[in-house]
Amino acid sequence: MRLATWNVNSVRSRQDRIVEWLLRSDIDVLAMQETKCKDEQFPYERFTEMGYEVAHVGLSQWNGVALLSRVGLENVQVGFEDQPGFSKDPEIEAVREARAIGASCGGIQIWSLYVPNGRDLADPHYTYKLEWLAKLRADAQAWLTADPQAQIALVGDWNIAPTDEDVWDPALFEGKTHTSRPERDAFASFEEIGFSEVTRQFTPEPRTFTYWDYTQLRFPKKQGLRIDMALTSPALTPRVSGASIDREERKGKGASDHAPVIVEIS
């Protein structure tokens with residue numbers, strides 16, 4: 001199975017590029033993040049015509065996650081069980097955002113995840129981010145407790161650079177989100193319960209990133225972040241035979257600011 005994750009930064013704006021990339025890359029399952037549309041606005045037919053089954057959740061022009069699969073799409077779950085919501089105003093009830101969707105694809109429970117950004121260390125969104133990750137981790141641990149042989153892949157835009165090697169200039173990010181100790185500890189907590197981040201071992205070269213800001217020529221200057229990753233459960237990890245980052249897809253007019261990440265599963 002060729003499993004990919006990609007923050008497409010608007011599926012409607014980039015649907016032609018996505019279709020062309022899928023044809024070129026021979027992908028079995030694609031987890032998309034930041035689709036930026038409601039369910040009724042999602043271009044389902046573009047992908048079903050290619051033989052993919054599609055599951056999407058989107059509530060507005062922000063967030064949004066999807067799964068495309070040509071190896072089956074069963075038991076779709078919108079949001080994980082304890083997924084928290086967010087509200088800027090504590091007086092207004094928190095809304096569970098479109099940030100997680102899971103389904104069984106070819107015998108693997110695959111989750112497309114768009115972890116909250118955090119915005120700023122003093123922002124309520126940062127607290128929300130840490131709570132969101134803690135709840136996901138608790139649910140993931142429960143899944144493994146219920147079935148230690150469970151085949152699970154947690155893939156997507158984690159909005160965390162786990163180490164200084166995942167940031168083009170660590171000093172520039174001191175005191176900011178994505179690199180703070182609580183965020184990195186939250187990411188590491190998934191590995192503590194048995195999940196493995198599987199892309200790094202196959203893409204170990206320095207300055208290997210998955211995201212480059214549109215501003216200040218970050219991409220040609222190779223000034224990026226590695227924040228799009230795949231975590232696999234203990235029973236699935238031995239089946240991972242390769243991984244790659246399609247940096248070429250970040251090039252050209254109309255590209256997303258993220259590159260697709262591909263994982264090979266035997």
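All residue numbers refer to positions in the sequence shown, counting from 1.
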Please report whether the ring centroid of W6 lies less than 6.0 Å from that of W21. yes
What verdict does the salt bridge (Lys or Arg N to Asp or Glu O under 4.0 Å) test give for E264 and R239, after you've listed the backbone C-alpha separation in whole Å, the side-chain angles of each residue and the deciding distance to 0.1 Å? CA-CA 8 Å; E264 305 280 354; R239 295 177 56 193; over 6 Å; no
Is E53 salt-bridged to R70, cutoff N-O under 4.0 Å? no
Around atom CD of E40, are there more than 12 heavy atoms from other residues, nucleotides or ligands closer than 6.0 Å? yes
When you check the gap from the basic side-chain N to the acidic O, do R2 and D28 get nearer than 4.0 Å? no
Whether R96 engages the ring of F86 as a cation-pi pair (distance to the six-membered ring centre under 6.0 angstrom, angle to the ring normal within 45°) should be assessed. no
Whether F42 and F47 hold their rings parallel, tilted or perpendicular, with breakpoints at 30° and 60°: tilted
Between K135 and D82 (salt bridge meaning N to carboxylate O under 4.0 Å), is one present in this structure? no
Is it true that W143 and F80 have ring centroids separated by less than 6.0 Å? no
Taken in chain and number order and not counting sequence neighbours, the residues that satisfy salt bridge (Lys or Arg N to Asp or Glu O under 4.0 Å) with D16 are R46
Ion pair R99/E34, N-O distance below 4.0 Å: no
Test salt bridge (Lys or Arg N to Asp or Glu O under 4.0 Å) on K221 and D213 and set out the steps. CA-CA 11 Å; K221 292 179 180 177; D213 194 280; over 6 Å; no
Determine whether the aromatic ring centres of residues F173 and H178 are separated by less than 6.0 angstrom. no
Are E93 and S87 close enough that a side-chain donor and a side-chain acceptor fall under 3.5 Å? no
Over all atoms of both residues, closest heavy-atom pair of L113 and A100: CD2-CB, 3.8 Å
Check the angle between the aromatic planes of H258 and Y211 and answer parallel, tilted or perpendicular using the 30° and 60° thresholds. tilted
Passing candidate, side-chain hydrogen bond (donor to acceptor under 3.5 Å, both in side chains) with T210, options T203, D257, D228: D228
Lys NZ or Arg CZ of R226 over F209 ring: under 6.0 Å, within 45°: no
Taking the six-membered ring for Trp, is the centroid-to-centroid distance between F190 and W158 below 6.0 Å? yes
Using a strict threshold of under 4.0 Å (side-chain N to carboxylate O), is an ion pair present between E248 and K251? yes
Regarding E97 and Y128, do their side chains bring together a donor and an acceptor under 3.5 Å, going by distance alone? yes
